[in-house]
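Below: the structure, in structure tokens.
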Amino acid sequence: KPMDLFTKIHNKRKRRSDDDSYENKRKNNLRSTREQMVYLTVFLLFVIVSIFVDLRGTAQNNEQFQLQENRWILETGEEIDVNNLPEGHHIVTSDLGKKTISGKSLCMKSIDTNFIVYADGEILYTYYPKIPLRFGVSYGMFVHSIAVPDNTRELKIEVDPIFSDTVAGLNEVVIGDSGQYMTELFRRNMVPFGLSSIILILGLIFLVTGLTSAILMRSAGIDFISFGTTCMMIGFVGFNDTMILQVLTGHPELIRVLTYVCLIFVPFPTLSFFASPLGKSRAWFVSGMLVVCLANFISQLLLTHYGITDYYHLVNISHAVIMLTLIASLWMIVDSIRKKTINSELLRSSIGGLVSCIIGVAIDMFRFHYLQSNGSSVFTSVGVLIFAVLMCTYMINKQKQALKQKNRDTVTLVGEIAEAFAKVVDMKDKYTNGHSLRVAQYTAMLAKELGYNDETVEKYYHIALLHDVGKIAIPPGCAE
């Protein structure tokens, strides 16, 4: 019939258009994959050079580290909380008197502060670590456990902040059992450590999925590689807050600089991820963000290496680029809503995840700049984890829909094949033309009346269409 012919032509054109669309997405995703691999290669090269070149001969005190407060006197004679020292160089003294300190240790966490510990006027411990030029002048954060000699009457700490515009960073200073101190440190950091581990593992899963399953990435409509890279970098930044990596590696300066580098590199995969489902992977601002991130990395590396400034003072640039990336991502989503070019389910997941990330990043930046939280990223980690969960949920639902569509396509194909065979059978005998179709219709009507569900009725319909399929093998005229 003319209408049937028109419908077939229309469907064929639609399938061709869909194929063209899929091909364009495939090319965009392929290009994005290449860019991500170059990006990751630069990052990994920096990590390898940092570990195997810059850390040679750099040793830290790895003695494992309670919580017993002590009175400390400033050089001016006033009593002071050693955890809240003013800016500049200071010497604080603690009179142990007749306290029994046998087997005790001076335990503390230092942040961008060098120091010397004296026991009864003799140098007991010096912490002025040698930092590779590429790492800047700061070691970041580290935990110390300094065994105090028996019968010590006086402890003195000479503190020297690395940055002149910051306060001396000594926190949680106690004299007690080092093992209990370390146990308490790990206990308090297990939640953020676990949170960062989950984000890192999810990122690794997305990254491996993107590298090994291009078909799945194309059907889901999102760039797994970019999202996986983003999650892994945010997860590593979260590890810096826990202090556990610093203690385990014995190289806090390495963890510090890698954290700053992650903040430098994370904007590009983030923007690339949001651009992929919107068909904007080749947009100029995505490639521009790649150039911005690499330029930011090279400039910060050179400025730090030659002693002009430090990653600490340049982190504001990285924060600004991150916020610009999130705002640009939000703009792309709003633009896609206006143009109606984004899947509704993906839209809900993207908006929910992006808003949670923006809120988390804004809170952590505020804490860093105004509350001296030393770069804690716990709220950012929570936002990214929410985003990852939403993406996983979307991906699962997308796979369910794909399986259902595949099943529907299979049923349609089986029906078309059955109808084709039935027409061939009926063409053998002009007196029975349409017989198979009528039998199939009657069979479906009977099955419906008997109370079978639609799926079963459809099966009986296809079976009835082929009830005379054996006639195909009978030579013409023999059937009569």
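Here the straight-line distance linking atom NZ of Lys104 with atom OG of Ser145 works out to 12.0 Å at 0.5 Å rounding. Between atom CE of residue Met289 and atom CH2 of residue Trp284 there is a gap of 9.5 Å, rounded to the nearest 0.5 Å. A distance of 11.5 Å separates CD1 in Ile351 from CG in Leu390, rounded to the nearest 0.5 Å. To the nearest 0.5 Å, the span separating OG1 on Thr113 from OH on Tyr128 amounts to 10.0 Å. Separating the SG atom in Cys107 from the CD1 atom in Ile175 is a distance of 9.0 Å, to the nearest 0.5 Å. Here the OG1 atom belonging to Thr209 is positioned 9.0 Å from the CG atom belonging to Leu204, to the nearest 0.5 angstrom.
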Assess whether side chain to side chain contact (heavy atoms under 4.5 Å, CB included) is satisfied between Leu207 and Met232, documenting all intermediate values.
-> CA-CA 9 Å; Leu207 182 61; Met232 292 180 67; 3.7 Å; yes
* Show the numbers, then the answer: is there a side chain to side chain contact (heavy atoms under 4.5 Å, CB included) between Met233 and Phe265? => CA-CA 8 Å; Met233 289 185 176; Phe265 274 84; 3.6 Å; yes
Begin from the C-alpha positions of Met182 and Val247 and carry the test side chain to side chain contact (heavy atoms under 4.5 Å, CB included) through to its verdict. CA-CA 10 Å; Met182 178 57 74; Val247 173; 3.7 Å; yes
Q.
With side-chain hydrogen bond (donor to acceptor under 3.5 Å, both in side chains) as the criterion, how do Ser110 and Tyr139 come out once you've worked through the C-alpha distance, each side chain's angles and the decisive distance to 0.1 Å?
A. CA-CA 10 Å; Ser110 65; Tyr139 60 83; 2.7 Å; yes
Give the intermediate values and the outcome of side chain to side chain contact (heavy atoms under 4.5 Å, CB included) for residues Ile157 and Ile91. CA-CA 6 Å; Ile157 307 176; Ile91 299 177; over 6 Å; no
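In plain terms, the two heavy atoms of Phe206 and Gly228 that are nearest each other are CB-CA, 3.8 Å. Contact detail for Val173 and Met108: the closest heavy-atom pair is CG2-CB, 3.8 Å. Taking each heavy atom of Leu271 and Val286 in turn, the nearest pair found is CD2-CA, 4.1 Å. Of all non-hydrogen atoms in Phe236 and Ile255, the two that sit nearest each other are CE2-O, 4.1 Å. Contact record, Ser381 with Leu195: CB-CD2, 3.6 Å, taken as the closest heavy-atom pair. Taking each heavy atom of Phe142 and Pro252 in turn, the nearest pair found is CD1-CG, 3.5 Å.
When each of Val257, Leu314, Val261 is checked for a side chain to side chain contact (heavy atoms under 4.5 Å, CB included) with Gln300, only Leu314 meets the rule.
Classification of the Phe193-Phe239 ring pair by plane angle, with boundaries at 30° and 60°, yields tilted.
Proximity of a side-chain donor or acceptor of Asn189 to a complementary backbone N or O of Leu185 within less than 3.5 Å is detected. A side-chain donor-acceptor contact under 3.5 Å links His90 to the backbone of Glu87. With Asp364 contributing its side chain and Thr380 its backbone, the two residues share a donor-acceptor pair below 3.5 Å.
Considering only residues two or more places apart in sequence or on other chains, Phe115 meets the ring pair (Phe, Tyr, Trp, His ring centres under 6.0 Å) condition with Tyr125, Tyr127, His144. For the side-chain contact (heavy atoms from CB on, under 4.5 Å) test, residues two or more places apart in sequence or in another chain that qualify with His313 are Phe163, Asp165, Thr309, Asp310. Shown here are the side-chain contact (heavy atoms from CB on, under 4.5 Å) partners of Asn453, two or more places apart in sequence or in another chain: Glu455, Thr456. Looking at residues two or more places apart in sequence or on another chain, you find a ring pair (Phe, Tyr, Trp, His ring centres under 6.0 Å) between Phe268 and Tyr39.
Sorted by first then second residue, the salt bridge (charged side-chain N to carboxylate O under 4.0 Å, His left out) pairs that include residues 36-45, not counting sequence neighbours, number zero.
Side-chain contact between Cys262 and Val237: present, with at least one pair of heavy atoms (C-beta onward) separated by less than 4.5 Å. In this structure the side chain of Ser272 reaches within 4.5 angstrom of the side chain of Asp223, judged on heavy atoms. A heavy-atom distance below 4.5 Å is found between the side chains of Ile123 and Ile116. Residues Val361 and Met365 form a side-chain contact, since some pair of their non-hydrogen atoms from C-beta on lies under 4.5 Å apart. For the pair Tyr181/Glu172, a side-chain contact is recorded, criterion being any heavy-atom separation below 4.5 Å from C-beta on. The shortest distance between side-chain heavy atoms of Tyr312 and Tyr260 falls below 4.5 Å. Proximity of Ser226 to Thr270: side-chain heavy atoms (C-beta onward) are nowhere separated by under 4.5 Å. Using a 4.5 Å cut-off on side-chain heavy atoms (C-beta onward), Asn83 and Leu170 make no contact.
Between the side chains of His89 and Glu158, a donor-acceptor pair is found at a separation under 3.5 Å. Between the side chains of Arg256 and Ser138, a donor-acceptor pair is found at a separation under 3.5 Å.
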Let me have the donor-acceptor pairs involving side chains of residues 319-330, under 3.5 Å, with sequence neighbours excluded, atom names and distances please.
{"unit_1": "His319", "atom_1": "ND1", "unit_2": "His369", "atom_2": "NE2", "d": "3.2"}
{"unit_1": "Thr325", "atom_1": "OG1", "unit_2": "Val321", "atom_2": "O", "d": "2.8"}
{"unit_1": "Ser329", "atom_1": "OG", "unit_2": "Thr325", "atom_2": "O", "d": "2.8"}

